[in-house]
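Read through the structure below, which is laid out as structure tokens, and then see the notes.
Order of the sequence lines fixes the chain letters, A, B, ..., with proteins taken first and strands second; residue numbering starts at 1 for each chain.
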Amino acid sequence: MTDTLRPQQDALHRTVLAWYSAHARELPWREPSAGPWAVMVSEFMLQQTPVKRVLPMYQAWMERWPTPADLAAAPAGEAVRAWGRLGYPRRALRLHAAATAITEQHGGEVPLDHAALLALPGVGEYTAAAVASFAHRQRHVVLDTNVRRVFARLVDGREYPPVATTAAERRTAAELLPDEPETAATWAVAVMELGALVCTARTPACGECPVARECAWRRAGYPAHDGPPRKGQTYAGTDRQVRGKLLAVLREAHGEVPQSALDSVWADSVQRGRALDGLVADGLVEPVAPGVYRLPG
DNA sequence: GAAACGTGGAG
DNA sequence: TCTCCAAGTTT
């Protein structure tokens, strides 16, 4: 950062960090006792999934598999089953695969290095940065949907960030990131928390916002989002819904499942077959004999 | 870069 | 009821 902006940034940092220390939620993966594995598990579960729904699954998961080696020792299908209705079950498979890689290639310890984290199954740019920052207290740009929205409003004066992450967003986040690693790590989670609790997507609580006075969006009079419409997702009638129904049957039946049990959840046999093939291709379902399926061993 | 990938709660 | 959205990753 430039020297002229430094006093301004220091003030911003202090304000947000003070807000965080007063308002941060107490979440199990933020406890001092939570190690890198706990952080990694929480990050996988939190991908596109609200905290409220993650909490109970997370608790059960960590009790059952307290270390990567514990999870790696279990069949992948057990991970898929324990994932329950969290959604995007491929995450369970990838978390299991990540645990296996950590056990076999990293001596059972979650890697410290951002690049090594990124190489793990299911770990993308965000999750690698989050684990390196939150668990290992390193300095990284952590850009999730909350942070992008906060900066879009605070810095760019827009209601929402662009559809896809841009270089400009990365630059903004990098410039605002405190120099000291420990401070940067807390700043990252603090901005995220601000986006989750105050600077929310639907109805932001600007009256509670510690940086409202500095907010470009507020200064501009809260202009409504203009750009291209934000992607809406349809679900009813899609292959996704069928996959969900099929996998639910497999999860709840402990053991092998006959074709007839799967046939009963969706009438359209063409779509049903396509969905089942997809699940098998993804490794979420294992054919054990003609017309017999189960979760992967 | 677009599209696929689950599920449930809130407004 | 129906749309929007939630700590993204992979192909």
Side-chain angles (χ1 to χ4, degrees), chain A residues 20 24-25 27-30 34 38-58 80 83-95 97-98 117-135 140-150 159-167 173 185 188-197 199-204 225 228-251 265-266 271 274-275 277-279 281-285:
Chain A
Y20 180 72
R25 290 168 291 181
L27 299 171
W29 46 87
R30 289 181 184 165
V39 173
M40 175 170 281
V41 169
S42 75
E43 291 303 337
F44 267 77
M45 291 186 169
L46 288 163
Q47 289 169 4
Q48 299 286 283
T49 308
V51 167
K52 182 178 180 180
R53 283 179 45 215
V54 164
L55 280 170
M57 309 307 293
Y58 168 85
V80 173
W83 200 254
R85 305 187 65 79
L86 265 187
Y88 291 143
R90 287 190 292 195
R91 290 183 293 167
L93 221 45
R94 289 173 181 153
L95 181 52
L117 286 163
L118 197 53
L120 295 172
V123 176
E125 180 57 43
Y126 162 76
T127 301
V131 173
S133 179
F134 305 158
H140 291 281
V141 168
V142 181
L143 264 193
D144 80 322
T145 187
N146 290 302
V147 175
R148 295 183 61 218
R149 186 176 55 248
V150 169
E159 184 178 18
Y160 297 119
V163 174
T165 304
T166 63
V189 71
V191 175
M192 202 177 300
E193 191 77 337
L194 186 62
L197 299 183
C199 194
T200 54
R202 213 70 79 82
T203 46
H225 177 72
R230 318 181 70 206
K231 59 166 184 179
Q233 353 170 316
T234 52
Y235 182 63
T238 61
D239 285 6
R240 245 153 122 176
Q241 183 184 21
V242 183
R243 286 167 58 106
K245 285 182 175 296
L246 292 173
L247 202 57
V249 172
L250 275 294
R251 267 200 316 265
V265 301
W266 198 258
Q271 188 177 24
R274 187 171 64 227
D277 287 347
L279 289 170
D282 288 346
L284 283 163
V285 173

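- Counting any heavy atom pair closer than 4.0 Å across all strands shown, Leu86(A) reaches a base atom.
- Base contact: Leu27(A) has a heavy atom under 4.0 Å from a base atom.
- Remark: Arg91(A) engages no residue in a salt bridge (charged side-chain N to carboxylate O under 4.0 Å, His left out) (not counting sequence neighbours).
- If you take atom C1' in dG1(B) and the same atom in dG8(C), they sit 16 Å apart, rounded to whole Å.
- Comparing Gln241(A) and Ala164(A) by the nucleotide of DNA chain B that holds the closest heavy atom to each, the one mapping nearer the 5' end is Ala164(A).
- Comparing the P positions of dA3(B) and dA7(C) gives a spacing of 23 Å, expressed to the nearest Å.
- In this structure, Phe44(A) reaches neither bases nor backbone, as no heavy-atom distance under 4.0 Å exists between it and the strands shown.
- Contacts between residues 121-134 of chain A and DNA chain C, counted as heavy-atom distances below 4.0 Å, involve Pro121(A), Gly122(A), Val123(A), Gly124(A), Glu125(A), Tyr126(A), Thr127(A).
- Taking only side-chain nitrogens and oxygens, Tyr235(A) comes nearer than 4.0 Å to OP1 or OP2 of dT7(B).
- Taking 4.0 angstrom as the limit, Tyr160(A) places a side-chain polar atom (N or O) nearer than this to OP1 or OP2 of dC5(C).
- At a cut-off of 3.5 angstrom, the base of dG6(B) holds at least one donor-acceptor pair with the side chain of Thr49(A).
- The residue Arg274(A) sits apart from the nucleic acid: no heavy atom pair falls under 4.0 Å.
- Arg94(A) comes within 4.0 angstrom of the backbone, heavy atoms only, and of no base.
- Residue Arg30(A) is in base contact, counting any heavy-atom pair closer than 4.0 Å across all strands shown.
- dC5(B) and dA6(C) have their C1' atoms separated by 14 Å, given to the nearest Å.
- The residue Arg85(A) sits close only to the backbone: its heavy atoms come under 4.0 Å of sugar-phosphate atoms, none of a base.
- Applying the side-chain hydrogen bond (donor to acceptor under 3.5 Å, both in side chains) definition to pairs two or more places apart or across chains, those involving residues 120-132 of chain A are Glu43(A)-Tyr126(A), Gln47(A)-Thr127(A), His114(A)-Glu125(A).
- Inspection of the Tyr88(A) and Arg240(A) side chains reveals an N or O donor paired with an N or O acceptor under 3.5 Å.
- At dG8(C), one or more side-chain N or O atoms of Gln48(A) fall inside 4.0 Å of OP1 or OP2 (strictly under the cut-off).
- Within 3.5 Å, a donor on the side chain of Arg53(A) pairs with an acceptor on the base of dT7(B), or the reverse.
- For the pair Asp277(A) CG and dA4(B) C1', the computed distance is 16 Å after rounding to whole Å.
- Nucleic acid contact for Trp29(A): base, since at least one base atom lies under 4.0 Å from a heavy atom of the residue.
- Taking atom P on both nucleotides, dG8(B) is separated from dT9(C) by 23 Å, rounded to a whole Å.
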